[in-house]
Every structure is written in structure tokens, then in C-alpha cells.
Q: 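Below are the C-alpha cells for one structure; questions will follow.
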Amino acid sequence: MSQPFILSLTIFVLAVYVGFEVITKVPPTLHTPLMSGANAISGITIVGALLSTGLGLSVLTTALGLAALIFATINVVGGFMVTHRMLGMFQKKG
Amino acid sequence: MSQPFILSLTIFVLAVYVGFEVITKVPPTLHTPLMSGANAISGITIVGALLSTGLGLSVLTTALGLAALIFATINVVGGFMVTHRMLGMFQKKG
Amino acid sequence: MDTQTIINAAYLLAAVLFITGLKGLTKPKTAVRGNKIGSTGMLVAVVVTLFDQQILHYTMIVVGLIIGATIGAVLAIKIQMTGMPQMVAIFNGFGGIASTLVAGAALLEVTGGGDNPGLQFLMASGISGLIGSITFTGSFIAFGKLQGIVTSDSVLLPGRHVVNGLLGIAAIGAIVMLVTDPSAFAVPYLAICLLAFLLGVLLTIPIGGADMPVVISLLNSYSGLAAAATGFVLSNNGLIIAGSLVGAAGLILTQIMCKAMNRSLLNVLIGGFGGEAGGAGTSADEVYEGKIKSSSAEEIAMVLEDTQRVVFVPGYGMAVAQAQHGVKQLANLLEKQGTEVLYAIHPVAGRMPGHMNVLLAEADVPYEQLIDMDDINPMFAETDVAIVIGANDVVNPVAKTDPKSPIAGMPILDVGEARTVVVIKRSLSPGFAGIPNPLFAADNTLMFFADAKAALQDMVAALKETVDA
Amino acid sequence: MDTQTIINAAYLLAAVLFITGLKGLTKPKTAVRGNKIGSTGMLVAVVVTLFDQQILHYTMIVVGLIIGATIGAVLAIKIQMTGMPQMVAIFNGFGGIASTLVAGAALLEVTGGGDNPGLQFLMASGISGLIGSITFTGSFIAFGKLQGIVTSDSVLLPGRHVVNGLLGIAAIGAIVMLVTDPSAFAVPYLAICLLAFLLGVLLTIPIGGADMPVVISLLNSYSGLAAAATGFVLSNNGLIIAGSLVGAAGLILTQIMCKAMNRSLLNVLIGGFGGEAGGAGTSADEVYEGKIKSSSAEEIAMVLEDTQRVVFVPGYGMAVAQAQHGVKQLANLLEKQGTEVLYAIHPVAGRMPGHMNVLLAEADVPYEQLIDMDDINPMFAETDVAIVIGANDVVNPVAKTDPKSPIAGMPILDVGEARTVVVIKRSLSPGFAGIPNPLFAADNTLMFFADAKAALQDMVAALKETVDA
Ligand SMILES: NC(=O)c1ccc[n+]([C@@H]2O[C@H](COP(=O)([O-])OP(=O)(O)OC[C@H]3O[C@@H](n4cnc5c(N)ncnc54)[C@H](OP(=O)(O)O)[C@@H]3O)[C@@H](O)[C@H]2O)c1
Ligand SMILES: NC(=O)c1ccc[n+]([C@@H]2O[C@H](COP(=O)([O-])OP(=O)(O)OC[C@H]3O[C@@H](n4cnc5c(N)ncnc54)[C@H](OP(=O)(O)O)[C@@H]3O)[C@@H](O)[C@H]2O)c1
């Protein structure tokens, strides 16, 4: 499962660059939805929570994993949904 | 020396994104120097040429490598230098 | 192809979807699609993880997913529009604590089993615990401030910089302990989390309520970094890419938001803004003394009759008074008498980006009538009446004239160019920036001192009478 | 840390330097620094590669580096300013062929040794051979066209699309052969390269000389991709990152350049532009008939006397005639008599971006007098005389009036707003876009038919006489 640290770091640095560059100009109306959408994506930790919960490890680990899974799922599901609602309101045509 | 293909691909895709995003607006005066500078960077193949030349392989491989090395070095050295000269001219103050 | 390759390929696909989604969210036309693309990326990442051959127990996973999805969905559906920034804060806090828990679980499993998992694993766990926990409590303070549970004033504890510094050093010490003696991992890891919980509170509490959107955005960047750190713990590229992507994008967004408010990030984080009133600059008395023309609904109704163009300029006060429906009613009356009605939207009017858009959309104001600052400003010269409803800083000409004022350099709405300016607010109190506003004392300005909602009702009634009369 | 880790870390550092360097090159202030940062990145990559423990023979390497560096440096120093685009084309071709050679060498070594190196290796070698070779011959055709060795006309062979298609299919077939039977690698690899050499020529030859900067930029993107493919062959992250970075950045730059010329990339690649004259739109006779006022150096000198402001508008013809020094002489005279002299720089005047800047800088024109299109346009209304020197398309008002013209939508210099317009060119021949120019027939336009260099000498002499008289 483990890959050399330097490869992880390479991927990390490149992804940081993409993150820095991908967002340049954002109209103020979209600040809040963009924040919310990005927040939902940061719920990617759900992937880690799935592994902690499902690998059949000790009870304590599984419990921690389950808690993490619930929190992360709230973040992901709630995040994308609230972003969608926001966008609907911000752009509602009369 | 070999790393899993998927990791190479991941790095490739991220670097392509960085390349796409890093250049947004360029004043026309800088089009030619930017092209020239990017061209010099694409001479990175010099690294491959160094390996082909230096690994002490068969004569034919070494010969191919040496040819590649010469070409790539011309690209790199000439590229950065000509870019530097260009910039000097474009921005020369009277 | 082995499973690991497929999983990594799926993570790459998810990453591409995340990038495309984020990009989409930056443009009005593609925002809805961008959000959908981002959520598809998450779906890909989750589904492919479930195919990991190492996963043995699906019961717990299903339980966790159902509980989490239900809570998330209910919260997202129930929340009022104006409560959305708070909601984002909460979600974000949950994401942070999830990263902390995952790193803790990994630490428990690997190190608890007696192995020394190496420097990368231990460092990353420590960092994940630290950042995730700061995000958790910080987000909840932000939530509390916006919700009015915690005071939204800037709370400046004496010696707080020293205290924060010491806490930070202690947390780093705990990480060093964790790395040097991984066998006793529990104590340092818990210490890291507790210290970070405290830090999260102390770093957020000095920041005024109005700056909370910026803080949430910053904390959002943190939770991305926490996820990336967890990725280093698990050597999971999905977490590394998505986490660092959001970490970086969140930081840029934070800066963009600061810039729109004409603040520096440092200035926001040090706090103390939005708490005290006034201070520097000319005093309110000097500005207002003897120059204020107070007016009434009837007088304003007469001014509004037979106008060609009226521009509404909403601000924070309209949100407080929930006066948007009254505005729309007045606008309807005006349009019936043949007046063109427009709304001037300043990028930082209100207390969150898009605040005015949301409220006016709620009152069914047509989208085409909402005009952005840069487009409306040249139009004020051909405007009969500009009605400022609970806006203050965003129409304060001092931003242009006094380079020492706290809003110096902020672009403003040039309402003063209109033939007549009507300002509705309850008093001469300052707005968010705490400074007096010479617009209120201008020759062509009429002040209408009242709660915005009540004021608009009165104006509607008065205009009806004037027209009927 | 093993060597491989250090090497990969250095490649990462080099990649960061490349990214920073490229970013720097996009802004005038940071461009010089950006280029230095990029070259530092290359130095890092080269030096760390030399530390690879597998490298045994340094003699050959030193020989190769010295020869290459000497040739590169001499070429870079010797080349004339106007020859620089050609030079870039040559360098780029060398980079492409180097990638092809490295992939070939790797193939020879690994596959020749009897191993089957796997799909990634073989595919990547094939692609590297293909793209690298196309880049090689394509760049040399571009060089030839710019240098005048190959005709710069657009050469449209009949049935070329079919031929190119067949060659492309054959090349792909050769890649498939290489992958399926790697033991007989030599024949398919040579076939790939030869087919690609042909393709490189055939794809470039139909494109007119004036479009060459765009083509070079595109080929530059290709050579980046070839380097990335070579990176996949060698599993070398340095090559993969830098190659794909430049590949993508080059593509974006190509699009930006197309946009500045108001062309689509497809339109450029299909070719046929800039070869034939006229065609659509109003004919030259209709436009010019009876409306052309031909003038002389003496008449123009009289017009120039006692002017407040004169704006020079240089174009491709000034470059052809090398008239920049004459322009500067005339400007000196004008300034001596108290006239303000400015230069209007259109973004695509000439045949390469920055063409006019370079030439005028060579003639020691002060940088401050070069005014960009957007800034100079409003100033023409207060200009006494605009002197157009060998410019045509960039001052053609048809771009605004005729939506069907090939330059429709291109922003132009509004010289017609000046009190008097003087146009210096040899005839009424069209410019790059091949269309007539109604400006030449305008009431306030005086045509001076002559080679630009000679014309300016005459004007200098005439103005001296007029003033002395
Ligand atoms: N949009 C964002 O994202 C954001 C985020 C953080 C900070 N900010 C800052 O917030 C400020 C926004 O400017 P703004 O002009 O919208 O608001 P403001 O400057 O804060 O002024 C609001 C005004 O509304 C009045 N008001 C309050 N309650 C009212 C009620 N019930 N009825 C009528 N009037 C009422 C207040 O005066 P009275 O007390 O006299 O009634 C106050 O002067 C800017 O300084 C901006 O930088 C914005
Ligand atoms: N800058 C770039 O990067 C670039 C790249 C590719 C294409 N282009 C295209 O090139 C065009 C540039 O416009 P432009 O106005 O600079 O040039 P142009 O439209 O090509 O016109 C040049 C004019 O110069 C005259 N000329 C040629 N030799 C001369 C001499 N010795 N003395 C005096 N006049 C001479 C020619 O007329 P006579 O024959 O009558 O003398 C011709 O009409 C645009 O269409 C642009 O899109 C630009």
C-alpha cells in the first residue's frame, strides 16, 4: 500500500499548484457557494474513514472509524447539497 | 527504477493541469520570449540523453545518446540564452 | 491490472472531476454543473474505495453512510438561506474532526500493534491531528458567532498572542514526542488534539462576527490540508490530491474574499475589527452637525412620484430588518406608475458574499434588475432617486477621499450622483467599519430614520395615497 | 535516503523552478528573472542526474555537453534580432529529435537485450519517436519558411488531407507492430520516425510564412509532449513533469497567439491563409478607384512643419525595409522643432509578437514613446499627423465594418481619427490578409509610394530643407 514518500510529495506539490492556479477570478456572488463546494470536496477524508471502518480492525479502531465516517459523510452530503441549494437561490430568475 | 504506470500518469495529468492554468494572460510582447523559454525547458530531454550516454551501454546506444545529448544541450543552452537576449531587447529602455 | 492500480486510476479520475468542478464553481454559468461534477468525483472516490479487497465489514460502513447522509441531507434542506454560512462552518468542522479521527485510528492500529511505522506516518498523523482539531473547534466558534450563540464582538483577551504561542509550541512538542517514541502514541496524540482544540477556540474568538466568512474559508483550506495529511498517513493518493487541491484553492479564495472587503488576511486574523466604533478620522459630530435633513414617508412618496428611474441600494440593515419584501412591494408600485427600478449590488454589502442577491431573490426580484457595482455606477448620474436601505459603508464617499480611513480604497456605490438620495436607517450610528458617513449630510440626501421594514411599509402606504390622491 | 529519493526530490525542485519560471515569463517585470529561474531548474535537473550511481562514463557526457553548449551559445549570440523566431524553431527541432533518439536508445538497449519491457515502455517509445520526429522536420520547415529558404507561401498540395491521413494511419500501424512484436523493434521504430519526418514536412508546408510563430509555438508544445513520452519510457519523473508542463503551457500559448491574431488554431493548421490575395469582399478597384491622393516627400514635410503631435504607426513593411533608423532620424527632427512624437504599437504588427518593439528599440527609440493600442487609440483624435510605415492590416477599418472580412473583429489602430494620415508603402498591394484597405482612399489620407527606408530618407531631407528655408 505504501508508496515512496517523495512520490506522495510530488503529487502533493503538483496538486497544490493546481489548486492555486485553478481559482483566479470569482464574482463575489459565488464566493460562498465556491467555499461550500470546496468544503464538500475536503470531505474526501471519507475515503480514509471508509478504510478505518471497514478493514475489520480492533473494536476501538472501528469505532473511531465509524465516528469519522459519520462526520465525513455529513460533510460530503450536506456540503454538496447546501451548495446546490445556494446556487439555486443565487441564480434564481424572477 | 520503474514506478507503477498509474503514478506516472497521475503526475503527468497534474503537471498538464498546472501547465494549462499557469499561463493565462500574456502581453503580446512576451509571446515570443515565453515561447522561447518554454522551448528551452522542453529540452529537459537532456536528462534522458545524459542517462543514455553515460550508463556505459553498447556502442550504438552510447552513440545515439551522445547525438541526443548534443542536440538537447543546444536546445537548452541556446534556448535560455536566446530568451535572455530577446528579453533584453524587448525591454531595453532608451 | 491489480486492484490498487484501478483504485489509483479512479482517484485520478476523481481528482480530475474535482478540478473541473472547482473551476466550474468560479463562473455563474457553470456553477451548478461544477458542483455536480465535484459530487460525481466524490462518488467515484467512495465507490472505488468500497472495492478495496481489504475491506471486510460492510455493515458498519453502511450504517455510517446512512446516518451521515441522513443528517447531512436534513441539515442541508432545513437550513434557512441566511443560515447557510453557519452550516458550511459546521460541515467544515465535521470534516476536520473526521481527519483527526482517521489519523488517530491509523495510529492506534499500526503503532498500537507494536510496529514503528516510520517518520512520514508519524509526522503526518501528528499534523493531521493538529490541523483537523483546530478546524473543528475553530469552525464551531465561527458557527456560534454567526448564529449569535457566541458573542460576535471581537474578544481580545490580554496576552493572547503569548498564550497562543505557548500552546503552539506545546503542540509541536507533542508531535516531536509522538515521532520519537511512537510506542506511547496515545498520550502525545491526545495532547496534540486537546491543545489544538484550545488553539482553534482562541484563534477564532478575537475575530469579529462580520469577518467570519473569511475565517470559514480559511478553516476550509485547513480541513483540506488535514485531509492531505491523512493521505500521507494512509499513503492514499485520493486524499493527497483532493486535500491539497482544496487546501490551496481555499487559501486563494480566502485572499480573494479579503481583497473584496479591502482587508488583508493578517488584518482579519489579528482581529479587533468590527468591535469598537469609530476612533480615527473626523468625528461624527463634525460630519453631521446641522446638516442632516430628516424626512418622512409622505415627503419621500412625493419625491418618488413621476420619476424615470429609481435605484434601490440594499445593505446589511435590509437583511437585519428582513425588509426585502417591502422593497419589492414598493418597486411594484413604482413600476406600475412607469418608473424603471434597478437594484445596485455592492460586492460586500451585507455580511456574506451574495447576501443581497439571496435576499432579493427570495422576494422574487427579477435577476436582470440586480446590477453589479461597476455597471450601475455610471448610471447614477441619470437616476432620479437612489434609495439606500440599511447600507452604510458601501456608500461612504470617505473610501475615496480619506486615505487613512479603514475603508480607504474600497470601491463604493456612487449614490451621491443621483438627483435625490433617500437613506433609510434607524439612527446616525455607523456601520460595520465604525465611521461616520458624509453622504448622510449631503445636500441632496434625505434621511428617513426608522427600522427598514417599517419604513418601507409606510412608504408603500404613502405612495399609494399620493398616487390615489 | 537513497539516491533515487534525492534524485526525485531534485526533479521536484526543478519542476517547481520551471513552473515559477514560466509564470515569471508571462509578466514584463518578472520575465528576465523567470527565465533565470527556469534555467536554474534545468541546472538542478542536469546536475542531479550526473549523480546517478548508474552513470559510469563521464567522458562522453562532458564531450556532448561541451559541443552542445558551444553550438547553442554561439547560435544564440550570433543571431540577429529579427532571426530569433527561426532560431527558436531550430532549437525546438533539436529538442524533438533528441527525445526521439533517447527513446530509440532505450529501445535498443532494453529490447535489443531480449527483454520484453512491457506495454508502457513500448507505447511511450513509439509515441516519443512519432512526436519527436514530427517536431524535428516541422520545425525545420518553419525555420526554412521564415528564413526564406523554403517558400513562405502556403503550399497546398492536392489531396494532402488524404495523404496525411494515410501516413498517420501507417505510423499508428508501426506503433502497433512495435508493441506486439518488440523483438523486431528496429524496423517499426525506424518506420515510425521516417513516416513522422514526412508528416512533419507535409503538415507544415501548407501553412503560410506569417503563421509560423503560431506553428513554432505548437511544435514547441509537441516537443514537450515528446519529452514527457520519453519520461514514460525511462520512468523518469523529471522528464514527465517538465515535458507535460511545457506541452500544456505551449498549447495555451498557441491559443493565446491565435487569438491575438484573430484566428482559430484549426484555421491556422489547415493553412492556405496569407498565400493568395484578396478574393472575397469588395475588390481593390472599387475601393481605390479615383480616390487615392499620391504625395511627395516635400508635400509631407510641409504638413509636418509646426505640428503638435505626430504618431508613427509601424508595420511589417518597416521591418522589411529596415526603416527603423530612418524613423528615429525623422522623429529627432520633429522633436527638435517641438513636436511630440509617439509610436503606436499594435499587438500583431509585423510578423512576430513584439516585432515592432524590437526594431524600434534597436533604433534607440525611448521605451516611453511606445504606446500600446488601447492607450494610443483615444489619442489619435488629438494627433496632427499619423505616419503609417508599411502597416496595412493593423490599420484597416474593414475589421470593424465588414463582418465577413478575414480580419473581422480584429482590434485596429484608429489612425483615421488623426487630422492627416500619411501612408508609406510601395504600392497598393494588400498586406498579410490579402484585402484592400479603405483607409488609403480616405479624404484625410496622403499616400507616399516608395520603399520605406528611401521614403524616410527623403522625408528627413525635405523636412530639413523646409525648416531651413
Ligand atoms: N458581504 C460580506 O461578505 C462582508 C463580510 C464581512 C464584512 N463585510 C463588511 O460589512 C459592511 C457592509 O456594508 P453595508 O453598507 O452593507 O452595511 P454597514 O456598513 O454595516 O451598515 C449597515 C447599516 O444598517 C443599519 N441598520 C441596521 N439595522 C437596521 C434596521 N433594522 N433597519 C434599518 N437600518 C438598519 C445600521 O444603521 P443604524 O444602526 O443607524 O440603523 C448600519 O449603519 C462593509 O464594511 C463590508 O466590508 C461584508
Ligand atoms: N505580429 C505577429 O505575431 C504576426 C504573426 C503572423 C501574422 N501576423 C499578421 O500580419 C499582419 C501584420 O499587419 P501589418 O499591418 O504590420 O502588415 P501587413 O498588413 O502585412 O502589411 C504590410 C505592408 O507593408 C508594405 N511593405 C512591404 N515591404 C515594404 C517596404 N520595403 N517598404 C514599404 N512598405 C512595404 C506592403 O505593401 P506594399 O507591398 O504596397 O509595399 C504591405 O501592405 C496582420 O494581419 C497580422 O495578423 C502577425
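None of the values given here were measured: they were computed from a predicted structure.
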Q: Keeping the roles fixed (side chain from D:Thr254, backbone from D:Val214), state whether a donor-acceptor pair exists under 3.5 Å.
A: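 Here the side-chain-to-backbone pair does not exist.
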Q: Assess the side chains of D:Ser128 and D:Ser99: does a donor N or O sit below 3.5 Å from an acceptor N or O?
A: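 There is no such pair between these side chains.
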Q: I need the residue from B:Thr83, B:Asn39, B:Ile41 with the largest number of non-hydrogen atom pairs under 4.5 Å to chain D.
A: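 The option with the most such pairs is B:Asn39.
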Q: Quick one: what part of D:Ile216 sits under 4.5 Å from any heavy atom of chain B, side chain, backbone, both or neither?
A: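 Contact with chain B is through both the backbone and side chain of D:Ile216.
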Q: I'd like to know which of D:Pro347, D:Ser39, D:Gly247 tops the heavy-atom pair count under 4.5 Å against chain B.
A: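 Result: the option with the highest number of such pairs is D:Ser39.
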Q: Does the D:Asn236 side chain pair with the main chain of D:Gly238, one donor and one acceptor, at a distance under 3.5 Å?
A: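 Present.
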Q: What part of D:Val102 lies closer than 4.5 angstrom to a heavy atom of chain B: side chain, backbone, both or neither?
A: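 Both the backbone and the side chain of D:Val102 come within 4.5 Å of chain B.
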Q: Between D:His57 and D:Thr59 (side chain of the first, backbone of the second, donor and acceptor by atom type, cut-off under 3.5 Å), is there such a pair?
A: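 Between the backbone of D:Thr59 and the side chain of D:His57 there is no qualifying donor-acceptor contact (under 3.5 Å).
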Q: Other residues, nucleotides and ligands only: do more than 12 of their heavy atoms fall within 6.0 Å of OH on D:Tyr58?
A: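 Enclosed.
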Q: Run D:Ser223 and D:Thr135 through side-chain hydrogen bond (donor to acceptor under 3.5 Å, both in side chains) and show every step you take.
A: CA-CA 6 Å; D:Ser223 73; D:Thr135 307; 5.6 Å; no
Q: Would you mind checking which part of D:Met60 comes under 4.5 Å of any heavy atom in chain B, side chain (CB onward), backbone (N, CA, C, O), both or neither?
A: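 For D:Met60, backbone and side chain are both near chain B.
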Q: Among D:Gly95, D:Ala15, D:Gly118, which residue forms the greatest number of heavy-atom pairs with chain B at distances under 4.5 Å?
A: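 Counting heavy-atom pairs under 4.5 Å, the top option is D:Gly95.
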Q: Looking only at heavy atoms and a cut-off of under 4.5 Å, which of B:Val26, B:Leu34, B:Ile46 has the most pairs with chain D?
A: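 Answer, by heavy-atom pair count under 4.5 Å with chain D: B:Leu34.
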Q: Among the options B:Val47, B:Thr45, B:Leu7, B:Val77, pick out the one with the most heavy-atom pairs lying under 4.5 Å from chain D.
A: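 Most heavy-atom pairs under 4.5 Å with chain D: B:Thr45.
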Q: With distance as the sole test, does B:Arg85 use its side chain to make a donor-acceptor pair with the main-chain N or O of D:Ile79 at under 3.5 Å?
A: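 Answer holds: yes.
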Q: Taking side chain as everything from C-beta outward and backbone as N, CA, C, O, which of these in B:Leu60 sits under 4.5 Å from a heavy atom of chain D? Side chain, backbone, both or neither.
A: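 For B:Leu60, the contact with chain D is made by backbone and side chain together.
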Q: Heavy atoms only, distances under 4.5 angstrom: which of D:Val74, D:Ile240, D:Ile71, D:Leu239 has the most pairs with chain B? Name it, please.
A: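 The residue among D:Val74, D:Ile240, D:Ile71, D:Leu239 with the greatest pair count is D:Leu239.
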Q: Taking side chain as everything from C-beta outward and backbone as N, CA, C, O, which of these in B:Val76 sits under 4.5 Å from a heavy atom of chain D? Side chain, backbone, both or neither.
A: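 Side chain of B:Val76 only, per the 4.5 Å heavy-atom cut-off to chain D.
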Q: Can you tell which part of D:Ile19 gets under 4.5 Å to a heavy atom of chain B, answering side chain, backbone, both or neither?
A: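 Both parts, backbone and side chain.
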Q: Work out which heavy atom in D:Gln120 is nearest to a heavy atom in D:Ser235; give both atom names and the distance.
A: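 Scanning both residues completely, I find the closest heavy atoms to be NE2-OG, 4.1 Å.
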Q: Quick one: what part of D:Ile345 sits under 4.5 Å from any heavy atom of chain B, side chain, backbone, both or neither?
A: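 Neither the backbone nor the side chain of D:Ile345 comes within 4.5 Å of chain B.
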Q: Do D:Tyr11 and D:Thr49 get their side chains close enough for a donor-acceptor pair, meaning under 3.5 Å?
A: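 Yes, side-chain donor-acceptor contact under 3.5 Å.
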Q: If you count heavy-atom pairs within less than 4.5 Å of chain B, which of D:Gly21, D:Gly68, D:Ala73 leads?
A: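 With the most close heavy-atom pairs to chain B, the winner is D:Gly68.
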Q: Counting only heavy atoms closer than 4.5 Å, note whether D:Leu251 contacts chain B via side chain, backbone, both or neither.
A: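 Just its side chain gets close to chain B.
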Q: When rounded to the nearest 0.5 angstrom, what distance separates OG in D:Ser139 from CZ in D:Phe94?
A: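 CZ of D:Phe94 is found 10.0 Å from OG of D:Ser139.
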Q: What residue, out of B:Pro27, B:Ala40, B:Ala63, B:Gly65, has the most heavy-atom pairs lying under 4.5 Å from chain D?
A: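 Of the options given, most contacts go to B:Pro27.
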Q: Would you check, one step at a time, whether the test side chain to side chain contact (heavy atoms under 4.5 Å, CB included) holds for B:Ile44 with D:Phe18?
A: CA-CA 10 Å; B:Ile44 184 71; D:Phe18 290 151; 4.0 Å; yes
Q: Using a 3.5 Å distance criterion without hydrogens, assess whether the side chain of D:Thr30 forms a donor-acceptor pair with backbone atoms of D:Arg33.
A: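 Pair absent, no side-chain N/O of D:Thr30 close to backbone of D:Arg33.
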Q: Check each of D:Leu253, D:Asn92, D:Leu219 against B:Met35 using the side chain to side chain contact (heavy atoms under 4.5 Å, CB included) test, and report the only one that passes.
A: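 Only one of D:Leu253, D:Asn92, D:Leu219 forms a side chain to side chain contact (heavy atoms under 4.5 Å, CB included) with B:Met35, namely D:Leu253.
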Q: Check each atom of B:Thr62 against the heavy atoms of chain D and say whether the ones under 4.5 Å are side chain, backbone, both or neither.
A: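 Just the side chain, heavy atoms under 4.5 Å.
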Q: Using non-hydrogen atoms and a 4.5 Å limit, figure out which bit of B:Ser52 sits close to chain D: side chain, backbone, both or neither.
A: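 Contact with chain D is through the side chain of B:Ser52 alone.
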Q: Under a 4.5 Å heavy-atom cut-off, does chain B meet the side chain of D:Lys78, its backbone, both or neither?
A: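 Contact with chain B involves the backbone of D:Lys78 alone.
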Q: So which of D:Asn220, D:Leu75, D:Leu101, D:Leu370 has the largest heavy-atom pair count under 4.5 angstrom toward chain B?
A: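 Max contact count across the listed options: D:Asn220.
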Q: Please flag which part of D:Pro213 lies under 4.5 Å from any non-hydrogen atom of chain B: side chain, backbone, both or neither.
A: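 Backbone only.
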Q: Only pairs of heavy atoms separated by less than 4.5 Å count here; which of B:Gly19, B:Ala49, B:Gly37 has the most with chain D?
A: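 It is B:Gly19.
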Q: Hey, do the aromatic rings of D:Phe121 and D:Phe232 have their centres closer than 6.0 Å?
A: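 No; D:Phe232 has its ring centre 6.0 Å or more from that of D:Phe121.
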Q: With a 4.5 angstrom heavy-atom cut-off, is it the side chain or the backbone of D:Ala45 that approaches chain B, or both, or neither?
A: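 Contact with chain B is through both the backbone and side chain of D:Ala45.
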Q: Please flag which part of B:Ala67 lies under 4.5 Å from any non-hydrogen atom of chain D: side chain, backbone, both or neither.
A: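 Interface part for B:Ala67: both.
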